[in-house]
Structures are given as structure tokens and as C-alpha cells.
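Below: one structure, written as C-alpha cells.
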Amino acid sequence: MMSGLSANTVLLRQLLVNFVRDEVHKVGINKTVLGLSGGIDSALVAFIAAEALGPENVHAICMPYKSSNPDSEIHARLVAAACGVNFEVIPITPMVDAYFEIFPDADNMRRGNKMARERMTILFDHSALLRALVLGTSNKTELLLGYGTLYGDMASAINPIGDLYKSQVWQLSEQMGVPSEIIQKQPSADLWAGQTDEEELGFSYRQVDELLYRMVDQRMNRKELIESGLAGDFIDSIYYKIQNSHFKRRLPVIAKVSNRTIDRDFRYARDWGK
Amino acid sequence: MDFTVVLAQIKPKLGCVADNMVLVEEQIKKALSAKADLVLFPELALTGYFLKDLVPEVALRLDSPEIQRLVKLSGDISIAIGFVEVTDDYRFFNSALFLEEGAIRHLHRKVYLPTYGLFDEQRYLARGQHFRAFDTKLGRIGLLICEDMWHLSASYILAMDGATTLICLSSSPGRGVGGESLDSATAWQQLTSTTAMFLNCRVLYCNRVGFEDGINFWGGSEFVSPSGESIVRGNIFVEDLVTATVDEGSLRRERIFSPMLRDENLFVTMQELRRIERERGR
């Protein structure tokens with residue numbers, strides 16, 4: 001593995017724990033809420049938040065659908081017990097099924113997106129209920145590939161792991177003591193039985209992280225990437241994925257009319273006054 | 001002369017001058033009770049760093065009540081501090097003041113405004129035009145703001161102008177977690193150490209901490225001796241109050257031991273720089 005993908009996990013842990021503590025406390029809040037899927041990304045975020053704020057101030061919600069793998073809830077429960085955070089199960093089957101009774105022909109993509117957005121509404125409702133900030137759990141690999149649902153799992157107030165590649169999520173999870181069952185299992189969006197991310201994407205996270213690191217972080221051009229041993233069609237397909245999912249990483253486009261348009265020439269940090 | 005300096009590694013609030021004034025005054029009190037002669041604050045200590053369109057709202061005139069209050073406090077202790085300065089012709093500068101004995105001893109306006117990567121200073125701020133050393137009761141000092149120090153010429157000019165102490169006020173964002181320590185910290189530590197060694201000057205580096213929109217400022221404020229050795233260094237990531245005793249003896253001994261600065265040939269340097277300037281102009 002290249003040195004750039006291998007992280008100093010002691011330092012990284014310190015940085016991310018400080019990030020959560022600082023960004024949560026500065027808005028006058030001391031609690032967070034997050035969705036715990038049973039996968040590694042949300043497990044790591046729960047561990048970081050528990051260390052930053054105390055586990056009693058972290059509220060984890062597991063939101064299974066009837067087709068979710070039963071192991072997912074078991075794993076989510078295991079993670080919550082391991083880091084000591086509050087844990088609650090809220091099934092989304094009634095709400096999702098009620099909707100698709102109107103659209104029985106909906107495909108897997110529509111169903112998967114709906115489930116992700118259903119979970120988002122529950123998290124933001126609990127944000128108001130508990131006076132807690134919603135923690136994001138999308139990593140850099142999936143954010144760059146657009147492998148997530150806009151306004152669904154991509155929605156959050158703050159995200160501690162959005163600048164960590166999946167390979168780095170694995171490393172930091174080891175360091176922080178995330179249970180090994182979670183670290184070792186195949187990553188899955190758990191939209192249908194037996195689904196795995198790597199099968200659906202068509203490449204492994206380790207492969208794509210190498211490419212993304214060299215292309216995005218090191219800014220190697222196509223020629224340099226090929227010379228470094230990567231296949232041309234793999235490079236092109238990933239470049240295309242990044243380009244075509246870029247809308248998911250930006251605010252909605254606003255038609256410019258005035259001299260000061262939000263985010264164009266009306267520019268303030270989000271931490272304005274904090 | 002020997003003196004005691006306090007590096008106030010603080011966490012300013014973004015765009016909140018009044019709150020930051022309170023914070024700064026608290027640190028000045030602490031420095032006074034530590035019997036310090038000098039207290040340093042980071043770049044843009046009164047305002048926070050990623051100001052963007054807030055720049056005009058938080059900018060202060062030199063005759064503003066806030067600056068005048070700090071000038072008054074410098075009657076008891078010398079102060080170096082960063083803020084946004086607005087001039088009569090409505091230019092905004094990333095400035096630093098050195099205050100002493102109830103007066104402004106020196107004003108430095110940041111010359112090198114980084115506008116690349118995560119930085120966007122030149123969009124909002126005007127460029128300073130000078131590097132000048134100045135006399136204080138603690139000896140002759142050169143004042144730099146963050147990116148200024150990454151230009152060899154800046155420290156070189158100040159050393160040639162007679163500064164024996166280089167002060168750098170900083171708001172340095174932390175990034176790079178692949179190595180033994182934070183990449184930005186490693187880079188800065190190399191820079192301050194090498195600069196001190198090349199120019200036989202001591203370096204006082206004051207950096208802030210805290211987060212703005214997910215970007216951390218890493219702290220690690222330090223005192224580097226004229227031989228390039230780090231004498232005392234603040235914690236990374238967290239607020240700290242670093243106290244250093246600066247002794248004249250180590251400067252004197254270093255300048256006897258490695259008299260590179262004495263031997264520096266200003267005539268050759270100027271002759272070659274003028275030639276390069278002429279040739280570039282063609």
C-alpha cells in the first residue's frame with residue numbers, strides 16, 4: 001500500500017475526536033444522533049463520537065427494513081454495546097411499504113433511495129427531539145464515486161469520516177477497537193439479501209482507493225496513472241463516475257439574478273460567529 | 001537581553017471581535033502574572049481565519065477603541081497580535097501589530113497572501129509592501145505573518161535589517177496524517193528550524209488551534225533557538241500557553257560559533273538580484 005493511504009491512526013483519531021467535540025459544542029449542543037447500520041462506517045463514527053462527547057451523549061438508531069440482513073441489527077447492537085452509546089431500533093418497513101403500495105412496480109434503485117431518505121427523516125426528526133446534531137457516515141471513497149443517496153445517507157450536519165478513504169476507515173477502526181466482526185465482513189448497502197458493494201461496483205475498495213488517492217490527492221494525470229500500473233479503462237470509468245456524481249457533492253444550482261447570490265458572491269463560512 | 005515570552009495558543013471565534021477581545025485580555029493577564037515581558041497572539045487572533053465576506057465587518061482602524069485598548073495594555077507588557085486592518089482608503093489588510101510601552105512600535109501588513117488550495121486570501125485582502133525590522137526594548141525584531149515565512153527573502157531581508165528575533169504569527173491549517181506527526185507541523189518545524197539556523201536568529205512561532213468549517217488549526221507554537229533547536233513547543237490541537245525564556249547568551253554564542261550572517265555578502269546578493277530583475281524585465 002502506498003504511504004499516502006496508510007494513516008497515522010493515533011494522530012487521525014485525535015484529530016477526528018477533536019473535530020466532533022469542537023464542531024458540536026460550538027453550536028451550543030452536546031449531543032449527536034446517527035444511524036447505525038451494522039457496517040463499518042457508522043460503527044467508526046459511533047466510536048469517534050462516543051470518545052468526543054461521552055457515550056451517554058450519542059444516540060444511535062438502527063433502522064432496518066424487512067429485507068435487511070438480520071445480522072445487520074445484531075452487528076449494530078454489538079457496536080453500540082462496545083462503545084456504550086444509546087441504542088434504539090426503529091423499523092422503516094411500515095412507512096416504506098405504505099409508499100410503494102402506490103408504486104408496486106418500483107425498481108431496486110427507487111426502493112433503495114426511498115429507504116435511505118426515510119432513514120434521513122427519522123434522524124433529522126430525532127435531531128429536533130434530542131437537540132442533537134446528525135452525524136454523517138459517508139466516507140471519501142463513496143462520496144467521490146457518488147455511491148450514496150442524495151438527501152438520504154449523504155445528508156448530515158457534520159461528517160467526521162468524509163475525508164477518509166475506505167482503506168483508512170478500516171485502519172482507524174482497528175485502532176479504535178471496533179469489533180472485528182464488523183471490520184472483517186464484506187461491505188454492503190444491505191438493500192437486498194446477499195448484496196455486496198464490491199460486487200455491485202465491479203471493483204474492490206482497495207483497488208479504487210489506490211486509484212482515487214493517486215488521481216485526486218496526488219493529482220497524477222492519465223499518463224502517470226497508467227505508468228504507475230493502473231488500467232486505462234479503469235481510470236476512465238472512475239473519472240466518469242466522479243464527474244457524473246459531482247452534483248451530489250454540491251448545493252442545488254441557483255439562477256443568478258442579483259449582485260450577491262448565495263454561495264457565489266455571498267460567501268461566509270458555516271462556522272460564522274461560532 | 002534575556003526576556004520571557006508567552007505564546008498564547010488560543011482558539012478565536014470566527015467573526016466575533018468582542019468575544020476575542022475578552023479572550024485576548026484574559027491571556028494578557030495570565031502572561032502578566034507569569035511575569036512575561038512579551039505576549040504573542042496568532043495571525044487574525046481578533047477575528048478568526050476563514051472570514052470571506054466578513055472581512056469588512058470585522059476590520060479595525062488603528063484608532064479603533066479595540067486597538068487603542070491593546071495599545072494601552074502594552075504599557076505593562078509588549079504585545080504582538082494579528083487582526084484585519086482597514087485604512088482610510090478602504091483597503092483591508094491581514095495585519096500584525098507590535099505594541100510596547102503604550103505605543104505602536106510596528107505595523108506589519110502580510111505581504112504574501114496565499115491563494116491556492118484551501119486558501120483564498122487575495123480575493124478578500126490587499127497585499128502589504130514592506131519587510132522592516134524594528135527596535136524594541138527586547139532587541140531588534142522582525143515580524144512575519146504565516147505565509148510570509150515560506151518566502152526565504154522575507155526572513156532574509158529582516159535578518160539583513162538587523163533583526164535578531166523573528167516573530168511569526170500564524171493560522172496554519174493541519175493536514176496530512178500519513179507520517180510520524182502531522183505533515184503541516186513537520187513542514188513548519190523544518191522551516192522555523194532552518195530559518196533560525198541559516199540566519200542565526202531566534203524564531204518565535206505562535207499558531208492557533210480550533211476548527212473552522214471542519215478545518216483544524218494545529219497549534220504547536222514554539223521557541224526555536226538561533227542554532228535551530230526547538231527549545232519549547234506547545235501541544236498540538238489544543239489550547240496552550242507556552243512560556244519560553246529567551247536568553248541573550250545563546251544568541252551571542254551562536255553568532256560567534258557560526259558567523260554566516262556576518263559573512264553574508266549583501267553587495268553580491270544585490271548585484272545578482274538587480275541583474276536578474278533587469279533580465280526578467282527584457
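Residue numbers begin at 1 in each chain, while the letters A, B, ... track the order of the sequences.
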(Q) Would you compute the distance between atom CZ of B:F211 and atom NE2 of A:H25 and round it to the nearest 0.5 angstrom? (A)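 One finds 13.0 Å between CZ of B:F211 and NE2 of A:H25.
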For [X], look at atom [atom1] and say whether over 12 heavy atoms of other residues, nucleotides or ligands are found less than 6.0 Å away.
X      : atom1 : answer
A:I226 : CD1   : yes
A:Y239 : OH    : no
A:R131 : CZ    : no
B:L32  : CG    : yes
A:K256 : NZ    : yes
A:N259 : CG    : no

Q. At a heavy-atom separation under 4.5 Å, does B:R123 approach chain A through its side chain, its backbone, both, or neither?
A. side chain
(Q) Given heavy-atom pairs under 4.5 angstrom as the criterion, report whether the side chain, backbone, both or neither of B:N20 touches chain A. (A)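 No part of it gets close to chain A.
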**Q.** Intermediate values then yes/no, salt bridge (charged side-chain N to carboxylate O under 4.0 Å, His left out), A:D271 and B:K13
**A.** CA-CA 9 Å; A:D271 285 344; B:K13 277 174 78 175; over 6 Å; no
(Q) Among A:D163, A:N18, A:D265, which residue has the highest count of heavy-atom pairs closer than 4.5 Å to chain B? (A) A:N18
Q: Name the member of A:E23, A:R267, A:Q14 that forms the most heavy-atom pairs with chain B at distances under 4.5 Å.
A: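 Highest number of pairs under 4.5 Å: A:R267.
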Quick check: do [X] and [Y] have side-chain heavy atoms less than 4.5 Å from each other?
X      : Y      : result
A:W272 : B:K52  : no
A:N8   : B:L182 : no
A:L11  : B:E180 : no

(Q) I'd like to know whether A:K274 forms a side chain to side chain contact (heavy atoms under 4.5 Å, CB included) with B:L14, so could you lay out the CA-CA distance, the side-chain angles of the two residues, the decisive distance to 0.1 Å, and finally the verdict. (A) CA-CA 6 Å; A:K274 305 286 192 308; B:L14 184 60; 5.9 Å; no
Q | side chain to side chain contact (heavy atoms under 4.5 Å, CB included) assessment of B:V177 paired with A:Q168 | A | CA-CA 11 Å; B:V177 292; A:Q168 296 168 326; 5.5 Å; no
Q: With a 4.5 angstrom heavy-atom cut-off, could you sort out which part of A:L15 is near chain B: side chain, backbone, both or neither?
A: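 When you check distances to chain B, atoms from both the backbone and side chain of A:L15 fall under 4.5 Å.
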Q: Return the set of residues passing side chain to side chain donor-acceptor pair (under 3.5 Å) with B:D240 (not counting sequence neighbours), or none when no residue passes.
A: B:N235
**Q.** Contact leader toward chain A among B:P12, B:G176, B:G179, where contacts are heavy-atom pairs under 4.5 Å
**A.** B:G179
**Q.** Residues in side chain to side chain contact (heavy atoms under 4.5 Å, CB included) contact with B:D89, at least two apart in sequence or another chain
**A.**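 Once residues adjacent in sequence are excluded, the partners of B:D89 under the side chain to side chain contact (heavy atoms under 4.5 Å, CB included) criterion are B:T87, B:R91.
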Q) Would A:F19 and B:N216 count as a side chain to side chain contact (heavy atoms under 4.5 Å, CB included) if you check the C-alpha gap in whole Å, the side-chain angles of each, and the deciding distance to 0.1 Å? A) CA-CA 8 Å; A:F19 162 81; B:N216 75 83; over 6 Å; no
Q: Report the C-alpha distance between B:E57 and A:Y268 in whole Å, list the side-chain angles of each, state the deciding distance to 0.1 Å, and finish with yes or no for side chain to side chain contact (heavy atoms under 4.5 Å, CB included).
A: CA-CA 12 Å; B:E57 285 183 49; A:Y268 297 87; 3.8 Å; yes
Q) Looking at A:R260 and B:D53, does any basic side-chain N land under 4.0 Å from a carboxylate oxygen? A) yes
